[in-house]
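Working notes for the structure below.
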Amino acid sequence: MAMVGLFWIAEGDVYVGAKPSGLAVGVRLTPEGVLALGDKQSGMWPWEDVHALAVDGAPVRTLKRQVGALVDMALTVGLGGGDTAPTMTVRLADAQGAEHELTAYTAAATGYSATEYDLSRDLLARLTQGAGTLLTTLAAMAEWGRGREGGTPRTAEREALLREWTGAGADG
């Protein structure tokens, strides 16, 4: 399993944010649609009913955020604090114009790079452009995840993958 931008790819499964376990909230992208997971949120939206998909509140990496996250981590671990992982909001607009807010845990402890954040948002928008684009893109992400060994790739590879999956190419 590996993180690429705002996505967690575990074998052939693609999640927005971290892959949830147990009753933890999360959002999974399947060839059939967007699936809300976890306690207090549920639902399945077929892709033909998804007209917009976006993310708000994902932490974007800055030096201040990195230092703060390290201090918070040290205090939480050192003082026996709770496990309050940061979340982000996945916004889904359906065919009737209704907007649904889903929650997912972020996978990046110190935040996402601005480039990965922007490319990830572009990729989410691309998934709503039609069945051909959607299925090709999700299949490429899942195939990459099934063949991936060794965890999360370095920043340059993650950005290159996101550009490839958005159709922007390596030169962006």
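What you see is a predicted model; the values in this text were computed from it and never measured.
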Kindly compute the distance separating [atom1] ([X]) from [atom2] ([Y]), expressed to the nearest 0.5 Å.
X: Leu29; Y: Trp47; atom1: CG; atom2: CH2; value: 5.0 Å
X: Leu37; Y: Arg28; atom1: CG; atom2: CZ; value: 7.5 Å
X: Leu127; Y: Met141; atom1: CG; atom2: CE; value: 7.0 Å
X: Glu48; Y: Thr128; atom1: CD; atom2: OG1; value: 13.0 Å
X: Leu6; Y: Leu123; atom1: CG; atom2: CG; value: 9.0 Å
X: Gln129; Y: Thr136; atom1: CD; atom2: OG1; value: 11.5 Å

*What do the steps show when you test Arg163 against Leu119 for side chain to side chain contact (heavy atoms under 4.5 Å, CB included), and what is the final call?*
CA-CA 7 Å; Arg163 284 187 180 94; Leu119 288 168; 3.9 Å; yes

*Quick one: do Arg91 and Glu101 make a salt bridge, cutoff under 4.0 Å?*
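Between Glu101 and Arg91 there is a salt bridge, with a charged N closer than 4.0 Å to a carboxylate O.
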
*Note: Asp13-Arg146 ion pair, threshold 4.0 Å (strictly below)*: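 Salt bridge between Asp13 and Arg146, a charged N being under 4.0 Å from a carboxylate O: no.
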
Is a side-chain N or O of [X] found less than 3.5 angstrom from the main chain of [Y], in a donor-acceptor match?
X: Arg158; Y: Pro153; answer: yes
X: Gln41; Y: Val25; answer: no
X: Thr89; Y: Gly57; answer: no

*Considering residues, nucleotides and ligands other than Glu11, do more than 12 of their heavy atoms fall under 6.0 Å from its CD?*
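At most 12 heavy atoms, drawn from other residues, nucleotides or ligands, come within 6.0 Å of this atom.
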
*Count the heavy atoms belonging to other residues, nucleotides or ligands that lie under 6.0 Å from CD of Glu157, then report whether that count exceeds 12.*
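Counting neighbours around CD of Glu157, more than 12 heavy atoms of other residues, nucleotides or ligands fall under 6.0 Å, so yes.
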
Would you say that [X] contacts [Y] through its side chain, given a criterion of any heavy-atom pair below 4.5 Å between the two side chains?
X: Arg148; Y: Ile9; result: no
X: Pro20; Y: Tyr105; result: no
X: Leu92; Y: Val90; result: no
X: Trp8; Y: Val14; result: no
X: Glu159; Y: Ser113; result: yes
X: Thr106; Y: Tyr112; result: yes
X: Leu124; Y: Phe7; result: yes

*Might you work through the side chain to side chain contact (heavy atoms under 4.5 Å, CB included) test for Met88 and Val16, ending with a clear yes or no?*
CA-CA 9 Å; Met88 57 188 167; Val16 180; 4.1 Å; yes

Could you pull out the closest heavy-atom pair between [X] and [Y], with the gap in Å?
X: Gly17; Y: Ala107; value: C-CB, 4.3 Å
X: Thr103; Y: Thr87; value: CG2-CB, 3.7 Å
X: Glu116; Y: Val4; value: OE2-C, 4.1 Å
X: Gly151; Y: Ala2; value: O-CB, 3.5 Å

*Verify the distance criterion only: is there a donor paired with an acceptor across the side chains of Asp94 and His51 at less than 3.5 Å?*
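No, no side-chain donor-acceptor pair sits under 3.5 Å.
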
*Donor-acceptor pair between Arg126 and Thr137 side chains, under 3.5 angstrom*: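 On atom types as modelled, these side chains qualify, holding a pair under 3.5 Å.
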
*Go through the steps for Ser120 and Val55 under the test side chain to side chain contact (heavy atoms under 4.5 Å, CB included), then give the verdict.*
CA-CA 9 Å; Ser120 295; Val55 170; over 6 Å; no

_Once you measure the plane-to-plane angle for Trp144 and Trp165, does it fall in the parallel (<30°), tilted (30-60°) or perpendicular (>60°) bin?_
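Answer is perpendicular, since the angle exceeds 60°.
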
*Test side chain to side chain contact (heavy atoms under 4.5 Å, CB included) applied to Val27 and Leu35, step by step*: CA-CA 6 Å; Val27 177; Leu35 181 61; over 6 Å; no

